[in-house]
Structures are given as structure tokens and as C-alpha cells.
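None of the values given here were measured: they were computed from a predicted structure. Numbering of ligands and ligand atoms starts at 1, following listing order. Basis for what follows: all heavy atoms, side chains included, without hydrogens, waters or symmetry-related copies.
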Amino acid sequence: MNGKETQDGGLELVSFKLCPFVQRSVITLLHKKARFRITYIDLADPPPWFREISPLGKVPLLRVGDAVIFESAVINEYIDETHPPPLHPADPLRRAVNRAWIEFGSECLGDLYRIVTAADETALEKACATLRGKLERMEGVLGEGPFFNGEAFSLVDAAWAPLLMRLELLRPLVPVYGPEALPRLARWSEVLLAAPEVRESVVPEFETLFREHILERGGALAARLAAS
Ligand SMILES: N[C@@H](CCC(=O)N[C@@H](CS)C(=O)NCC(=O)O)C(=O)O
């Protein structure tokens with residue numbers, strides 16, 4: 001093992017400070033207490049080396065030696081498999097169900113993007129209604145908690161925490177769901193947002209950057225933020 005591997009475990013996560021998909025992997029790495037290095041890039045002006053190694057031009061990337069892994073769900077499974085004990089259930093059916101809800105969470109992040117970028121109030125309300133419908137679905141499959149699978153933290157929890165964090169930040173501007181209507185989701189959100197690996201998974205200036213990002217989009221949400 002060389003000196004670099006000793007310090008960072010041979011893992012480099014290529015990141016963008018606001019990316020919820022990156023955050024999923026940071027949560028998993030922190031939960032596992034894995035050694036890793038994080039490299040931030042500006043997605044608006046990515047460095048040439050990033051263009052060379054990122055097949056889709058997207059973050060996160062996980063560099064493991066000379067190999068490059070992309071797609072947050074794939075990265076998280078690699079981290080999970082190489083840092084026991086596993087966060088995925090042992091039962092193949094339950095594991096597949098977990099993967100399905102991780103994928104569903106990615107679709108919800110797409111809805112969140114449409115909320116942030118909605119050009120006008122009509123588009124904003126439509127995007128909120130679409131996401132609310134999906135969150136109602138999730139409410140229907142959540143159990144007593146505290147986590148998605150019950151007592152044990154899982155990759156589903158890591159995948160959903162970034163969305164739930166952003167929905168809480170947006171609540172004063174756009175209350176996508178009410179805790180009274182979706183109490184299990186609200187409780188899950190509370191548990192996840194209090195977890196150390198979730199709290200520490202974003203940079204200290206995250207809230208400021210998130211607000212700046214909304215304002216830069218110049219859409220209906222930016223107008224609500226400016227007026228608040
Ligand atoms: N399916 C991908 C989505 C990753 C993604 O969309 N990342 C965004 C930042 S949050 C990105 O890199 N966008 C750059 C682009 O699309 O050009 C994953 O789960 O990793």
C-alpha cells in the first residue's frame with residue numbers, strides 16, 4: 001500500500017457541492033467510516049481531465065486506482081460490497097425491492113430539479129404535484145421505521161436523504177408535502193436529517209449555495225425566494 005492509499009483508502013469521489021447524487025455516495029462513505037478523498041469541480045466549467053474520464057459528463061465519479069465508476073447507485077453498491085457489513089438486505093427479493101426504491105428516489109430528484117427550474121407558477125405547481133404523488137407512494141411503503149427497512153440503515157436511506165434535506169430547506173417557499181398528510185415520510189425525514197453521516201455529507205456553506213443556485217435559475221422558485 002502506498003502513502004496515498006494509506007490516507008484516502010485509494011478512493012477519490014469527484015463531486016459538485018450541490019449535487020444530491022454525489023451526496024448519496026458521501027453519506028454511504030461516511031456511514032461506512034471509509035477513507036476517501038473528495039475533489040470538487042465546477043459543473044458549469046468542468047476541467048478537461050473530468051471530460052476525459054466521465055462518460056456522461058456527470059458527477060459523482062468514484063476513482064479507484066485507474067478505474068472510474070459512475071452512477072451513484074453503482075458507486076454505492078461498490079462501496080457497500082468493499083466495506084462490510086452490508087447495507088443491502090441479504091434476501092435477494094428484499095434487495096431488489098430496495099434497488100427499485102432507490103431508482104424511484106432518482107426519479108423524485110428529477111421532479112425536484114423541475115421544481116427548482118420551473119419557469120412560472122403553473123410549471124412550479126405542476127412539478128410539486130408530480131413529486132407529491134410520488135411521495136404519497138413512498139408513504140404507502142414506509143413501515144414503523146426508523147429507517148426504510150426498519151431498524152437497520154440501508155442504501156435506500158442514503159439515497160433518499162439528499163432529497164428529504166432539500167425538501168426541508170424549501171419548505172418555507174414551497175411546502176411539497178405536509179407532515180400531517182405524510183407522517184411516516186416526515187418521521188423518516190426527521191431521523192435521516194439528524195443522522196451524523198447525513199449532516200456531515202454537505203459542505204458547511206450548503207444552504208447559502210443552494211439559495212444562490214435557486215436565484216441563478218431565475219424561475220418561479222427564485223421569485224418566491226426573492227420575495228420571502
Ligand atoms: N444518474 C446519475 C445522475 C447524476 C447527475 O445527474 N449529476 C448531475 C449533477 S447533480 C450532473 O453531473 N449533471 C451534469 C450534466 O448533466 O451535464 C447518478 O445517479 O449518478
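The option from V14, L43, I41 that lies nearest to atom 11 (C) of ligand 1, judged by heavy atoms, is L43. Distances from atom 7 (N) of ligand 1 to the heavy atoms of N76, L18, V59 show the closest one on V59. Nearest to atom 3 (C) of ligand 1 by heavy atom, out of Y113, F16, F50, F21, is F21.
Atom-to-atom distance recorded for S15:OG and I38:CD1 is 3.5 Å, nearest 0.5 angstrom.
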Indicate every side-chain donor-acceptor pair of residues 63-74 with a distance under 3.5 Å to a residue at least two apart or in another chain.
residue	atom	partner	partner atom	Å
R63	NE	E12	OE1	2.9
R63	NH2	E12	OE1	3.4
S72	OG	R24	NH1	3.2

Using residues 177-187 as the side-chain source, report each donor-acceptor pair under 3.5 Å to any protein atom, sequence neighbours left out, with the distance given to one decimal.
residue	atom	partner	partner atom	Å
R184	NH1	L142	O	3.1
R184	NH1	G143	O	2.9
R184	NH2	E144	OE2	3.1

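Considering only non-hydrogen protein atoms, atom 2 (C) of ligand 1 sits nearest to E71 OE1, 3.2 Å. Among protein heavy atoms, atom 20 (O) of ligand 1 sits closest to S72 N, 2.8 Å. C19 SG, 3.4 Å is the protein heavy atom nearest to atom 9 (C) of ligand 1. Among all protein heavy atoms, the one lying closest to atom 16 (O) of ligand 1 is K58 CE, 3.5 Å.
A heavy-atom separation below 4.0 Å is found between G57 and ligand 1.
For the residue pair L164 and L193, the shortest heavy atom distance occurs at O-CD1, 4.1 Å. Annotation for A158 and F153: closest pair N-CZ, 3.9 Å, computed over non-hydrogen atoms.
By the 30° and 60° cut-offs, the orientation of the rings of F210 relative to H213 is parallel.
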**OP:** Decide salt bridge (charged side-chain N to carboxylate O under 4.0 Å, His left out) for R95 and E81; before the verdict, give the C-alpha distance in whole Å, the side-chain angles of both, and the deciding distance to 0.1 Å.
**Re:** CA-CA 13 Å; R95 200 157 63 238; E81 287 173 10; over 6 Å; no
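Within ligand 1, counting atoms from 1 as listed, the ones closer than 4.0 Å to a heavy atom of P60 are 20 (O).
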